[in-house]
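Keep in mind it's a predicted model, so treat the numbers as computed, not measured. Chain A is the first sequence line, chain B the second, and so forth, proteins listed ahead of strands; every chain is numbered from 1.
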Amino acid sequence: MSKYHFNEIEAKWQKYWAKNGTFHAQNDSDKPKYYVLDMFPYPSGAGLHVGHPLGYIASDVYARFKRHQGYNVLHPMGYDSFGLPAEQYAIQTGQHPADTTRVNIEGGIDKQGNTIAGYRNQLDKIGFSFDWSREVRTSNPDYYKWTQWIFIQLFESWYCKDHQKAFPISELVKVFSEQGNEKLNAECDAGTASFTAEEWNSYSKKRQEQVLLKYRLTYLAETEVNWCPALGTVLANDEIVNGVSERGGHPVIRKKMMQWSMRITAYAQRLLDGLDKIDWPQPLKDSQTNWIGRSEGASVTFKIQGSDHSIEVFTTRPDTIFGASFMTLAPEHELVGEITTMEQRYEVAQYVEATAKRSERERMADVKTISGVFTGSYAEHPFTEKPIPIWIGDYVLAGYGTGAVMAVPCGDQRDYDFAKHFGIDIPNIFEGIDISEEAFADKENTIITNSDFINGLNYKDATRKVIEALEEKNQGKGKINYRLRDAVFSRQRYWGEPFPVYYKDGLPQMIDLEHLPLHLPEVEKYLPTESGEPPLGRATVWAWDTNKNEVVGNDKIDNESIFPLELNTMPGWAGSSCYMFRYMDPKNPDALASEDAMKYWGNVDLYIGGSEHATSHLLYSRFWVKFLYDRGVLPVDEPAQKLINQGMILGTSALVYRVSGTNTYVSAGLKGEHEVEEIRVDVNLANASSELDLEGLRNWQPQYQDAEFVLEDGKYIVGHEVEKMSKRWFNVVNPDDICSQYGADTLRMYEMFLGPLDQAKPWSTAGITGVHSFLKKLWKLYHGGTEGAFAVSDADPTKDNLKTLHKTIKKVAEDIENFSFNTSVSTFMIAVNELTAQKCNSREILEPLLILISPYAPHIAEELWSKLGHNESIATAAFPQFEASHLVESSKEYPISFNGKMRFKLELPLDMSKEDIEAAVMAHERTQQQLAGRTPKKVIVVPGKIINIVG
RNA sequence: GCUGAAGUGGUGGAAUUGGUAGACACGUUGGACUUAAAAUCCAAUGGCCAUUAUGGCCGUGCGGGUUCAAGUCCCGCCUUCAGUACCA
């Protein structure tokens, strides 16, 4: 009767948890809080594969562990449900993205007749302890209301560099009207003109608005963007990989468009500084640091001879300024036209045109070819006043620094190569350094020479002196430059948050907070309009009535109180930047979350997700959280205290080998004898020992119907290829299948057992039987070693029983705290083997053991727990206390003499005799001599040997 | 090129952070049970040599070093993976 029927058990307890709200977190509790969060998934139509739950299982183990430790645990889940795939599916099929998204989450049959399991159903089968009463979906109006609200807060704010903090725009207006902007140290658009208070006050309302837009933390600007014609949208830098779109691999070109931008650069320094306070993986911190790209140096202004213009450059090596023998401008530099002389005009125009035509990708692929052209003009060296020829070269990037460099060929390899190529002078300013072959870029190990007032100085001193001298001449100053760019925030898509913005007189206006959310309008088609407007350009009811404060038909726009609404939507990261706070109070209609809730939960204590979000979601989220902290909305300025990147689970594709030009397939061992093509087949058709189910294959796809198979030893063996798990490689393994075959507890434990959480690893079912038979053994342990009746007694535990239990408690608690989930699975296996061998049936042992195992295998733990007579869920049971005395009882204290004088009391195994130890000590007399005078911290004794550790 | 991580049996991976390397699991081999298979259980399993049990030698990518003691620390290489890339 009492076999381990995992399917029944798991269904029973999943139902129980849902019905009893076992995992609902309370916002008011005397317990300490703990917030465990997973990066919420995008619900794609393909459903979950076994790789997705890895991080969720880890966080679930940890959340359950923390509950056992007496914490009030918040462990929510939701969906990042706006996104491009649903939109592209909508374009193809005409189905509304909201409908397909709902089906993808909740399951059902879509309009094409496909049966979709649904993310929620798939997740439920794995037995997670999520508090589903707090679910959020970024595409729900109740949710995106708050995304829009945050956008408005950003619009209504500016950033003061002196205070390193964001303030309301009303305070900026006050400053302007009282003292203009001359003394103000605020983040704003480059080249913003200065004005006095009188000038400000004389400006028209419209002009004032235009000026304010240059200071707002989200602003409209003509931006050069990455336009992807195939997708019909703008992409962020991090959505482009190797010059093509990350999604789909389409070409990307540069194009100027009016776009919303986020002034994330204002927060560059704080985003760097904040990394010190948070416990995130070092590689992830490093990639954020690199992405922000802080470099210290100076900006230097070069006058142009015979012109009123001057060129500003940024350099990290002001100490090498006397080695500057030319300047290089990016081909896109705004002064190129101005300074090119008549003689050079044709050549320059040709060069600029040629580089503009080259795509980003070509320019990147071809970094070795040196190209450039002389403008004919000369700049003036700030100190020597010698003429410096101004060149144009595409090795200088328009988007970094000022798009112009002072070229110091002796100290920079790129400048050196350029100078060599065009026969420009290479003056040497480094003492005793040979630069006949290459530039010398090592700034730490040289002394400056041939450099007027900085001769004989090292890099540091020379830099300081040059900056002082430049400041005196008003031709430069020390400067910190960041690689980080402001983030473009507009997407020409349908399936995203609409901006709460309408346009009056060409200027953007925010919709009042009390009228949010601004609902996404209906459109006939999800494509851009014929005139190139985003899909929202197709909406016929998409104008804002400022009298009624509601959306009305576009045909009424002529009316003076009705205005066009913004046609762009927000990017994918908008909805995911602050979702962790919405979970705290997800149904609150009046705030992102109540102050009490935010104060109680603080920030995320443990955040688990993939490292691919390092420079996107995780950077933007930190930015928004810092901003909302500045404005007093949030009590914390980082989203997550600790973060762990789970490694990806890769797929193992199955390969068959077709003899070229035939319909004959040879087994893997025979492929060397023929010329073959590798073809991927459904990996689920191969078993754990790589044997292919030929019958299944024939039914899988028609071309295998009458194929011939050449076997080895009567079997067809497939080859393997490890690659990303994806439908196109037929290597997707569905967790539902694993659950029905082995059970969710097996799946959970097996995924944890596969290896260290943060490591990438291929999926293979090879070892799953080991974990599964462990659970069967566990079951038997509570049934008298058989699959008979439940057999736990009140008998006293033996010393061995207690030893096994307590070493398991110790190890498992350590493992979980260190996130070494794989080793604690081994620990359980050892414990169950030992207790089985000891024929343990003592409740005093078996009860705590269940609590240890329940974070990993919650269903079987609940079942056995209830058989032990408990009415409450095991989830609330207290984690067992570790008592060291049970471990040392099997050893004894034993004194030994050391170095003739000292005496140590050692804890030794019982089976080690006095004679053995003395013999060992004698044998190591030499060692002791060398240790004389030092105090050993610990003495390790092994049979036949004694080994000392000195402190 | 730069930055970061990692190289341990046939395989996935352990090793209290300097203390008996290879835990645990898979796989393989042999055995028990069975008409048979599955399931289950027991034993062996880093390599080489030896064998009458005992044993011995070599072994954590390669070459050096520190130490009584190195998978672990230091120096120099090699390889793999990930991120990033003309950043002045």
Under a 3.5 Å cut-off for both contacts, is B:U60 paired Watson-Crick or G-U wobble with anything, and if yes, with which nucleotide? none
With C1' as the reference atom in both, quote the distance from B:G65 to B:G18 in angstrom, rounded to an integer. 16 Å
Using every non-hydrogen atom in the two residues, find where A:S295 and A:T316 come nearest and quote the distance to one decimal. CB-CG2, 3.9 Å
Going by purine N1 to pyrimidine N3 plus the second Watson-Crick contact, or the G-U wobble pair, all under 3.5 Å, which nucleotide sits opposite B:C73? B:G65
Could you check if the base of B:G9 is syn or anti? Syn means the glycosidic torsion is within 90 degrees of 0. syn
Which atoms of nucleotides 2-9 of chain B (N or O only) lie under 3.5 Å from a protein N or O atom, and what are those distances?
none

Using the C1' atoms only, state how far B:G7 lies from B:U11, rounded to an integer number of Å. 16 Å
Could you tell me whether the side chain of A:N731 and the main chain of A:S726 form a donor-acceptor pair under 3.5 Å? yes
Is B:U17 syn or anti, taking syn as a glycosidic angle within 90° of 0? syn
Is the distance between the ring centroids of A:Y750 and A:Y742 under 6.0 Å? no
How would you label the contact of A:P756 with the nucleic acid (heavy atoms, under 4.0 Å): base, sugar-phosphate, or nothing? sugar-phosphate
Using the C1' atom on both, measure B:G12 against B:G19 and round to a whole Å. 27 Å
Answer for the Watson-Crick or wobble partner of B:U84, both distances under 3.5 Å, is B:G1
Mind checking who B:G18 pairs with, Watson-Crick or G-U wobble, both distances under 3.5 Å? none
What is the nucleic acid contact for A:K777, judged by heavy atoms within less than 4.0 Å: base, sugar-phosphate only, or nothing? sugar-phosphate
Can you tell me if the side-chain N/O atoms of A:K761 get under 4.0 Å from OP1 or OP2 in B:G12? no
Output the rounded distance in Å from CE (A:M749) to P (B:G12). 22 Å
Pair partner, B:U79 [Watson-Crick or wobble, under 3.5 Å]: B:A6
Check the phosphate of B:A88 against A:Y395, side-chain N and O only, distance under 4.0 Å to OP1 or OP2. Yes or no? no
Let's see if you get this right: which residues in residues 810-822 of chain A place a heavy atom under 4.0 Å from RNA chain B? A:N822
B:A37 -> Watson-Crick or G-U wobble partner, both distances under 3.5 Å, gives none
For A:D415, which contact category applies under a 4.0 Å heavy-atom criterion: base, sugar-phosphate, or nothing? nothing
Is there a Watson-Crick or G-U wobble partner for B:G55 with both distances under 3.5 Å, and which nucleotide is it? B:C49
Checking B:U40, B:C26, B:C87 against the side chain of A:K776 (C-beta onward), the nearest is B:U40
Looking only at side-chain atoms of A:T823, point me to the closest of B:C86, B:A14, B:U40. B:A14
For B:U72 versus B:U17, give the span between their C1' atoms, rounded off to a whole number of Å. 7 Å
The nucleotide from B:A25, B:A23, B:U40 with an atom nearest the side chain of A:M829 is B:A25
Round to the nearest Å and state the distance from A:F753 atom CZ to B:G12 atom P. 13 Å
At less than 4.0 Å, is any side-chain N or O atom of A:R414 found next to OP1 or OP2 of B:C87? Yes or no. yes
Pairing check on B:A25: which nucleotide meets the Watson-Crick or G-U wobble criteria with it, both distances under 3.5 Å? B:U11
